[in-house]
Amino acid sequence: MNKTISIIIPAYNAEKYIEQCIESVIHQTYADLEIIVVIDDTSVDCTNEKVEQISSLDKRIVIVRQHKKKLGEARNGGIDVASGNYILFLDADDWWDERFLEEMVHFAEENPDAGLWACNYWYVKRGKTRVAVEQESGYFDYAESYLRNEAMPVWTGAVLMQRDVFDESGGFRVGIRIGEDFLLWSSVALRYRFAFLNKVL
């Protein structure tokens, strides 16, 4: 199996965080990856310049340029040029532990019957940080966990998916302002099992 990972990072007016975000991917202990940064040319800060500067130092970074696209469309646009069998998404104001990819790939190999693998994450809001999800490791019921937790058990920045599962599920819904990720996970959950790694990465 091709274990190359494609990471899609939409970036719009993300000057404050984009460098830390990309560097958290560059410094992963799992190196077989490509980083696709989808930049919106309508950004009014220095997002584009920062991404271009970072990309000049790492050949694994691919820049995709779009114009006035919503988040779901930007992610889908990144997928269009992705070559990996595994895909992940990371928003420009989030970042990963350096062992995130290595541990998620290992977890996927241990739970091969899943179509989607998720891990726990820190939920940060108004200066307060807490572990987001109360969920044991292993296969789990997505709907039950979603209703029980105060945060989404499957969060976009903490998900590993197979490319064919993403394609089969229709990708992110376009034309809506929020909730495109929730709709995708729900669609996948109708067809596949989910597995959760109770580790904050």
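We're numbering straight along the sequence, starting at 1.
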If Ile, Leu, Val, Met, Phe, Trp and Tyr residues are connected whenever their side-chain heavy atoms lie under 4.5 Å apart, and connections chain through other members, are [X] and [Y] in the same group?
X: Ile79; Y: Ile36; result: yes
X: Val105; Y: Val200; result: no
X: Leu90; Y: Ile39; result: yes
X: Ile35; Y: Leu160; result: yes
X: Trp95; Y: Val131; result: no

Would you compute the distance between atom [atom1] of [X] and atom [atom2] of [Y] and round it to the nearest 0.5 angstrom?
X: Trp155; Y: Trp185; atom1: CH2; atom2: CH2; result: 10.5 Å
X: Glu49; Y: Glu52; atom1: CD; atom2: CD; result: 6.5 Å
X: Trp96; Y: Cys119; atom1: CH2; atom2: SG; result: 9.5 Å
X: Leu184; Y: Met161; atom1: CG; atom2: CE; result: 5.0 Å
X: Thr42; Y: Tyr12; atom1: OG1; atom2: OH; result: 4.5 Å
X: Leu88; Y: Met104; atom1: CG; atom2: CE; result: 7.0 Å

Geometric class of the Trp117/Tyr86 ring pair [parallel <30°, tilted 30-60°, perpendicular >60°]: perpendicular
Ring geometry between Phe89 and Phe172 (parallel below 30°, tilted from 30 to 60°, perpendicular above 60°): perpendicular
Looking at side-chain heavy atoms only, is the closest gap between [X] and [Y] below 4.5 Å?
X: Ile26; Y: Ile54; value: yes
X: Asp94; Y: Thr156; value: no
X: Glu34; Y: Ser83; value: yes
X: Val188; Y: Phe166; value: no
X: Cys21; Y: Ile9; value: yes
X: Gln66; Y: Val38; value: yes

Between [X] and [Y], which heavy-atom pair has the shortest distance, and what is it?
X: Lys69; Y: Asp40; result: N-OD2, 3.3 Å
X: Gly115; Y: Val165; result: O-CG1, 3.8 Å
X: Tyr123; Y: Ala132; result: CB-CB, 4.0 Å
X: Pro153; Y: Ala118; result: O-CB, 4.0 Å

Exercise: do His106 and Glu102 side chains pair donor with acceptor under 3.5 Å: no
Presence of salt bridge, Arg60 and Asp58, under 4.0 angstrom: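 So Asp58 pairs with Arg60 through a salt bridge.
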Tyr192 OH: over 12 foreign heavy atoms closer than 6.0 Å: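 For Tyr192, atom OH is crowded (more than 12 foreign heavy atoms under 6.0 Å).
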Candidate pair Ile18 and Val51, rule side chain to side chain contact (heavy atoms under 4.5 Å, CB included), full reasoning: CA-CA 8 Å; Ile18 190 62; Val51 172; 3.8 Å; yes
Indicate yes or no for a side-chain donor-acceptor contact from [X] to the backbone of [Y] under 3.5 Å, with no hydrogens or angles considered.
X: Ser43; Y: Asn13; value: yes
X: Asp91; Y: Gly157; value: no
X: Asp45; Y: Glu15; value: yes

Salt bridge (Lys or Arg N to Asp or Glu O under 4.0 Å) between Lys70 and Glu180, intermediate numbers included: CA-CA 10 Å; Lys70 289 185 171 63; Glu180 73 287 337; over 6 Å; no
Only pairs under 3.5 Å count here: list side-chain donor-acceptor contacts from residues 133-142, not counting sequence neighbours, and write none if there are none.
residue: Gln135; atom: OE1; partner: Ser145; partner atom: OG; Å: 3.0
residue: Gln135; atom: OE1; partner: Arg148; partner atom: NH2; Å: 2.8
residue: Ser137; atom: OG; partner: Asn198; partner atom: N; Å: 2.8
residue: Tyr139; atom: OH; partner: Asn111; partner atom: O; Å: 3.4
residue: Tyr139; atom: OH; partner: Asp113; partner atom: N; Å: 3.2
residue: Asp141; atom: OD1; partner: Ala143; partner atom: N; Å: 3.1
residue: Asp141; atom: OD1; partner: Glu144; partner atom: N; Å: 2.9

Partners meeting side chain to side chain donor-acceptor pair (under 3.5 Å) with Gln53 (sequence neighbours left out): none
Verdict with reasoning, Asp181 to Val159, per side chain to side chain contact (heavy atoms under 4.5 Å, CB included): CA-CA 11 Å; Asp181 49 354; Val159 167; over 6 Å; no
Contact list for residues 164-174, test salt bridge (charged side-chain N to carboxylate O under 4.0 Å, His left out), sequence neighbours left out: Arg163-Asp167, Glu168-Arg191
